[in-house]
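Side chains are part of it too, since the values below use all heavy atoms of this structure and drop only hydrogens, waters and symmetry mates. Ligands are counted one by one from 1 in listed order, and the atoms in each one are counted from 1 as well.
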Amino acid sequence: MKDEELTAQSSLLEIALPSWGFAQGGTRFGRFPMAGEPRTIDEKLEDAAMVHRMTGITPRVSLHIPWDKPEKPKALRKHAKGLGLAFDAMNSNTFQDQPGQKHSYKFGSLSHTDRAVRKQAIEHNIECIEIGKALGSKALTVWLADGGSFPGQQHLRSAFTRTLDSLHEIYEALPKDWRIFTEHKPFEPAFYSTVVQDWGTSLMIACELGPQAFCLVDLGHHLPNCNIEMVVARLIEANRLGGFHFNDSKYADDDLSAGSIKPYQLFLVFNELVDAQLDPLIQRLRPRFQPAYMIDQSHNIKDPIEDLIQSSIEIHRAYTKALLVDRAALAHYQEINDVVMAERTLKEAYETDVSPILAEVRRKKGAPEDPIAAYRESGYRVAKARERGN
Ligand code: RM4
Ligand code: MN
Ligand code: MN
């Protein structure tokens, strides 16, 4: 691929930012707030606009409800537009009890044995859709903490059937131009049996619900050594790959910066995505192949703005390297079973320094060559600490 073509392709990537990633995160042991962190959704949007000014590739924000529930969604949409931002998928939250909530989610939400609890969780998801409509969002992401921590606690099949029934009701409320994503996760907070624990379950849900339902792959939601690129390839083949939550992990759902621990894995995931994107057969048979890219991390010790900039760059890097793979050569080596040359073809792309291409894409979008340095020079956080008084 020529440099201009590579730059053009590379500049097509867009990644959504999580509203829940702008305040300093914490663990169950503690949280160490930083001066100048945002307190309201308006302030989080200001920070998102700063990230987008630095990266040029992060123009949308994904909202978590009720954490970032807007009082006036229409006004928030206007505020975002003024900052050059729009809204990505809506995220529902039935994994925590909120003040004043009638029924508790202690023993589940969409899978609960009590119809009243399920109804409350269904209504919450429908409310997320309603807010999302006013914001211009086009998708709902459902991650469920539902499950059991001890053998015998839940009837495994019935818990799944109830979840499916609940999801059907949410699906009914989905506008025709929306998509619903279900996110799998093997464990935590349930430590024995999670209802949507793997991509197989997520795929069953998508197939049961209908053509607007897709699976979302959160890179941190896999057991150690899971071959995530295989999961991606299978979901593409099933025409049900909806999108990603990017992050990285060493042990489990660590929510570390994308590309910080296993950059080769991130590249291999993008290798599958680019391969499908360039495959005319896939484009013809699966016109709905439009994965949504999003970051889902917890910024416990880094400045969240720096972490989001850094992660966006690493995702962009992995994608651009995947564009470099000589696909004709790879196909040839696979065909003749030349293992070494096939692997070398991937490694050649992976080992190419694409930093100049990334910088060129940013330059064309009016973003700085070195986003972290530019952000630090801007004195943004210090100014915000003064302005926000924290
Ligand atoms: C979960 C999952 C969801 C996210 C919550 C905060 O582990 O990754 O996507 O919404 O965390
Ligand atoms: Mn996630
Ligand atoms: Mn997670």
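- Between Trp20 and His64, the ring-plane angle classifies as perpendicular under the 30° and 60° cut-offs.
- Within the listing of ligand 1, atoms 2 (C), 7 (O), 8 (O) sit less than 4.0 angstrom from a heavy atom of His221.
- At a threshold of 4.0 Å, the pair Asp177-Lys138 counts as salt-bridged, since one of the basic side-chain nitrogens sits closer than that to a carboxylate oxygen.
- Applying salt bridge (charged side-chain N to carboxylate O under 4.0 Å, His left out) to Asp47 and the options Lys384, Arg381, Arg53 leaves one that passes, Arg381.
- Residue-ligand proximity, His245 to ligand 1, at heavy-atom distances under 4.0 Å covers atoms 9 (O).
- The number of heavy-atom neighbours closer than 6.0 Å to CE of Met204, taken from other residues, nucleotides and ligands shown, is 12 or below.
- The closest approach between a heavy atom of Asp296 and any atom of ligand 1 is below 4.0 Å.
- For the Mn ion (ligand 3), the nearest N, O or S atom contributed by Asp253 is named OD2.
- Heavy-atom distances between Phe181 and ligand 1 stay at or above 4.0 Å for every pair.
- When each of Thr182, Thr194, Thr94 is tested with Leu144 by the rule side chain to side chain contact (heavy atoms under 4.5 Å, CB included), just one qualifies, namely Thr94.
- Proximity to Asp253 (heavy-atom distance under 4.0 Å) selects the following atoms of ligand 1: 7 (O).
- The number of heavy atoms from other shown groups lying within 6.0 Å of CZ (Arg31) is above 12.
- The shortest contact between atom 3 (C) of ligand 1 and any protein heavy atom is with Glu183 OE2, 3.4 Å.
- Residue-environment remark: CD (Glu343) stays at or below the threshold of 12 foreign heavy atoms within 6.0 Å.
- Of the N or O atoms in Asn91, none lie within a sub-3.5 Å distance of an N or O in ligand 1.
- Neither the backbone nor the side chain of Glu188 has a heavy atom within less than 4.0 Å of ligand 1.
- Other residues, nucleotides and ligands contribute at most 12 non-hydrogen atoms within 6.0 Å of the NZ atom of Lys69.
- Residue contact check: Lys185 has heavy atoms under 4.0 Å from atoms 7 (O) of ligand 1.
- Taking the six-membered ring where the residue is Trp, the centroids of Phe244 and Phe270 are separated by 6.0 Å or more.
- With respect to the salt-bridge test (charged N to carboxylate O, under 4.0 angstrom), the residues Lys365 and Glu14 do not qualify.
- For the Mn ion (ligand 2), protein N/O/S neighbours under 2.8 Å (waters excluded) are Glu183 OE2, Asp218 OD2, His245 ND1, Asp296 OD2.
- A salt bridge links Arg363 to Glu360: at least one charged side-chain nitrogen sits closer than 4.0 Å to a carboxylate oxygen.
- Residue Trp143 places no N or O, backbone or side chain, under 3.5 Å from any N or O of ligand 1.
- Checked against a 6.0 Å centroid threshold, the rings of Trp67 and Phe22 do not count as neighbours.
- Backbone and side-chain nitrogen or oxygen atoms of His64 are examined, and one is located within less than 3.5 angstrom of a nitrogen or oxygen of ligand 1.
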